[in-house]
Amino acid sequence: MKIVGLHCSSTDLHAGQIALIKHGSRLKNCDLYFSRKPCSTCLKMIVNAGVNRISYWPADPEISLQNEVSNPTSTEDAKLDAKAVERLKSNSRARVCVLLQPLVCYMVQFIEETSTKFDFIQKIAKSQPDCNTDFYTACRQERIKEYESLFLISNEEMHKQILMTMGLENLCENPYFSNLRQNMKDLVLVLASVAASVPVYGYFGFYKSGSQQTNEADDQCLPQDVARHCMIQATLLAYRTEDHKTGVGAIIWAEEKSRGCDGTGAMYFVGCGYNAFPVGSEYADFPHMDDKQKDREIRKFRYIIHAEQNALTFRCREIKPDERSMIFVTKCPCDECVPLIKGAGIKQIYAGDVDAGKKKADISYMKFGELEGVSKFTWQLSPLHTNALEFHDPTARENGVQKTKSLDDQQHQSKKLCLGHY
Ligand SMILES: Nc1ccn([C@H]2C[C@H](O)[C@@H](COP(=O)(O)OP(=O)(O)OP(=O)(O)O)O2)c(=O)n1
């Protein structure tokens, strides 16, 4: 499986339309994942492109349908659209479905336990000797609240009504209804726990590391919320690792010269990966031991493909020399990967640096510090605030500068559904 794009709706277009514009008939046989059931305008084009499966989150109907829920006598158009969606669904070879399999039972606990091991939490904990990782629990609670209000519908009756408008009557009866809600809650919990591992905390963020010279444009750090968002994507990937001990995720994005039609602005997805044994290998094909094992022959290091290596290998777009491309890695790039990242023409690295400068028997992290020609942004306390540990309202700032919302953002925001108040 390979991810070929990540898109979101813009002021003019729905996410499905953007996916079509960006990939055209390359969408053939692809699986598409939507945060809400697509409308007929998107669906007809996607079906026409020959996609394999369309999965959607069962809580967020189209805006027109949502109006219908609160005002059943409303628009004829909404009803027509819902019918058209059903017709397109039944007449196409693509499966249109709610994809929400139950998570394996230890998943939530596993993620909670391992999230604190990522560099981002470790770095904060180390910077404040009296502080334990309890701040992680607080950050996680905050994310849970935020994500619950974004993705869940607290009122069961309202949820049932929404499911009915979406044509999912069969999920309104118990035990299907309560199972569905439980599965949705579990997934939200997992997402919140992962997101909290790159926390909004004080003045911690991604800031330039070292005094290396690169060109001015490449030295510009992304806004902190964007950088954190991309790192959370990388962290999600890290949980897919095949290395029992250390999961690492990497994701590559690039920026076009001008703003595109995508809700991601000029940013576009290039590739992603996590550390794993070569594609196609079976569980016991390769050794899994680490440096502590005396016999070097049975250690994992010569076999495992690093997160960055997989992201580079399975990228779906070229890395263009005249564009600002950036890789987000949950751990410091090692000596094997640093020359690969530079050689591929990537302009910026966002990473943790807890292991930077470490030399182990089979893997070392010595080259990252000396790397020239690629801008490095590592997770640290803002240099502007190193001496002043102020922890009030960090979200209102990016790179220490007060953030203002663009008009476009405000308009787009008002287009988004907010079901949290139900
Ligand atoms: N930027 C990086 C760094 C590492 N890895 C992967 C390769 C190995 O699967 C694992 C190695 O991680 P560690 O250096 O932490 O080694 P250990 O897993 O042995 O842990 P430690 O030595 O910290 O006990 O991470 C990766 O994909 N990308």
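Remember, it's 1-based here, ligands and their atoms both numbered in the order they're listed.
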Taking only non-hydrogen atoms of K300 and a 4.0 Å limit, the atoms of ligand 1 in range are 17 (P), 18 (O), 19 (O)
Check whether any side-chain N or O of D362 sits under 3.5 Å from a backbone N or O of D291 as a donor-acceptor pair, and report yes or no. no
Report yes if some heavy atom in the side chain of M166 is under 4.5 Å from a heavy atom in the side chain of V85; otherwise report no. no
Protein contact to atom 5 (N) of ligand 1 [nearest heavy atom, distance to 0.1 Å]: V248 CG2, 3.5 Å
for atom 24 (O) of ligand 1, nearest protein heavy atom and its distance come out as K245 NZ, 2.7 Å
T246: numbered ligand 1 atoms lying under 4.0 Å from its heavy atoms: 10 (C), 12 (O), 15 (O), 17 (P), 18 (O), 20 (O), 25 (O)
Between the side chain of Q380 and the main-chain N/O of Y207, is any donor-acceptor distance below 3.5 Å? yes
Among all protein heavy atoms, pick the one closest to atom 9 (O) of ligand 1 and tell me residue, atom and distance. D243 OD2, 2.6 Å
Would you say K123 has more than 12 foreign heavy atoms packed within less than 6.0 Å of its NZ? yes
Pair H288 and F277, ring centroids less than 6.0 Å apart: yes
Within the 4.0 Å heavy-atom shell around P333, which atoms of ligand 1 are there? 1 (N)
Derivation and outcome, side chain to side chain contact (heavy atoms under 4.5 Å, CB included), residues I305 and N275: CA-CA 5 Å; I305 317 283; N275 54 335; over 6 Å; no
May I ask you to decide whether E256 forms a salt bridge with R259, counting only side-chain N to carboxylate O separations under 4.0 Å? no
Within the structure provided, determine whether I3 and F269 are in side-chain contact (heavy-atom separation under 4.5 Å). yes
Taking salt bridge (charged side-chain N to carboxylate O under 4.0 Å, His left out) as the criterion, tell me which of K2, R53, R95 meets it with D31. R53
For atom 27 (O) of ligand 1, what is the closest protein heavy atom, and at what distance to 0.1 Å? A307 N, 2.9 Å
min-distance protein heavy atom vs atom 28 (N) of ligand 1 -> E308 OE1, 2.9 Å
Residue part near ligand 1, for K292, under 4.0 Å between non-hydrogen atoms: side chain
Options F368, F301, Y365, ranked by nearest heavy atom to atom 14 (O) of ligand 1, top entry: Y365
Show the atoms of ligand 1 that are less than 4.0 angstrom away from any heavy atom in I363. 14 (O)
Would you tell me which option among K360, Q293, K358 has the nearest heavy-atom contact to atom 22 (O) of ligand 1? K360
Quick one: look up the protein heavy atom nearest atom 6 (C) of ligand 1 and list residue, atom name and how far away it is. N275 ND2, 3.5 Å
Does a donor on one side chain and an acceptor on the other come within less than 3.5 Å for Q348 and Q220? no
Can you name the atoms of ligand 1, numbered from 1 with element, that are less than 4.0 Å from a heavy atom of D290? 19 (O)
Evaluate the side chain to side chain contact (heavy atoms under 4.5 Å, CB included) criterion for residues L103 and N183: first the C-alpha distance (whole Å), next the side-chain angles of each, then the deciding distance (0.1 Å), finally the verdict. CA-CA 7 Å; L103 296 170; N183 294 343; over 6 Å; no
Taking non-hydrogen atoms only, is H306 closer than 4.0 angstrom to ligand 1 via side chain, backbone, both or neither? both
Part of C332 with heavy atoms under 4.0 Å of ligand 1, whether side chain, backbone, both or neither: backbone
Please write down residue, atom name and distance for the protein heavy atom closest to atom 15 (O) of ligand 1. K331 NZ, 3.0 Å
